[in-house]
Amino acid sequence: MITSVRKAIKGQFVQGIYLGDPDSIIKYPAITVNGKSKSSEWIGLEVTKESYEVDITCYTQDATQEEGYEFLLHLAHVIETGLKKNPFP
């Protein structure tokens with residue numbers, strides 16, 4: 001495990017963020033981030049545009065189908081908003 005997030009989302013704390021595909025996830029809810037591709041495009045002299053493609057997966061446990069779905073939608077929204085607000089990850 002790389003780090004943990006201590007922010008409460010819908011009354012639960014995210015227990016961990018994993019880079020890559022872990023063999024097992026011990027504590028839930030959790031997030032995994034898997035890099036898919038990276039590309040560079042030359043825009044001008046000494047200037048490039050970098051593009052990254054990643055898969056972000058959210059996991060929860062011990063929830064009814066509806067509660068789990070609502071939690072995952074909310075968590076995905078929080079992640080998306082955070083990525084859009086901070087252009088420098």
Side-chain angles (χ1 to χ4, degrees):
M1 182 169 81
I2 301 301
T3 187
S4 64
V5 176
R6 297 301 302 165
K7 181 175 180 176
I9 299 175
K10 293 222 171 224
Q12 297 184 44
F13 288 99
V14 174
Q15 297 296 317
I17 299 174
Y18 300 86
L19 297 179
D21 189 16
D23 292 333
S24 64
I25 296 175
I26 299 170
K27 295 182 179 180
Y28 294 88
I31 300 167
T32 60
V33 180
N34 293 311
K36 290 182 75 177
S37 67
K38 175 187 171 186
S39 64
S40 297
E41 178 183 341
W42 286 97
I43 303 231
L45 187 61
E46 297 184 17
V47 178
T48 61
K49 176 183 173 184
E50 306 294 326
S51 297
Y52 301 90
E53 186 177 346
V54 296
D55 284 334
I56 300 173
T57 308
C58 306
Y59 297 91
T60 188
Q61 184 179 29
D62 294 334
T64 65
Q65 187 172 0
E66 186 176 332
E67 288 174 347
Y69 182 69
E70 287 178 7
F71 174 79
L72 292 176
L73 283 178
H74 185 74
L75 183 56
H77 176 71
V78 168
I79 293 168
E80 181 181 7
T81 302
L83 289 172
K84 288 182 177 179
K85 285 186 177 180
N86 184 5
F88 303 103

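In terms of hydrophobic clustering, with Ile, Leu, Val, Met, Phe, Trp and Tyr side chains grouped at heavy-atom distances under 4.5 Å, Tyr69 and Tyr59 are assigned to different clusters. Using a 4.5 Å cut-off between side-chain heavy atoms of Ile, Leu, Val, Met, Phe, Trp and Tyr, with links allowed through other members, Val14 and Ile56 fall into the same hydrophobic cluster. Linking Ile, Leu, Val, Met, Phe, Trp and Tyr residues whenever their side-chain heavy atoms come within less than 4.5 Å leaves Leu73 and Phe13 in two separate clusters.
Grouped with Leu45 in a hydrophobic cluster is no other residue, since no side-chain heavy-atom contact under 4.5 Å to another Ile, Leu, Val, Met, Phe, Trp or Tyr is found.
Every residue two or more places apart in sequence or in another chain that forms a side-chain contact (heavy atoms from CB on, under 4.5 Å) with Glu50 is listed here: Lys38, Ser40, Thr48, Tyr52. By the salt bridge (charged side-chain N to carboxylate O under 4.0 Å, His left out) test, Glu53 pairs with Lys36, sequence neighbours left out. Annotation: side-chain contact (heavy atoms from CB on, under 4.5 Å) contacts of Gln61 (sequence neighbours excluded): Tyr28. The salt bridge (charged side-chain N to carboxylate O under 4.0 Å, His left out) search around Glu70 returns none, not counting sequence neighbours.
A distance of 11.0 Å separates CD of Gln15 from CD1 of Ile31, quoted to the nearest 0.5 Å.
Atom CD1 of Ile26 has 12 or fewer heavy atoms from other residues, nucleotides or ligands within 6.0 Å. Other residues, nucleotides and ligands place more than 12 heavy atoms under 6.0 Å from the NE2 atom of His74.
Heavy atoms only, all atoms of each residue included: Ile79 and Cys58 are closest at CD1-SG, 3.8 Å.
Every pair tested for salt bridge (Lys or Arg N to Asp or Glu O under 4.0 Å) that includes a residue from residues 13-34 fails, sequence neighbours excluded, so the list is empty.
Residues Ile25 and Thr32 meet the side-chain proximity criterion, which asks for heavy atoms closer than 4.5 Å.
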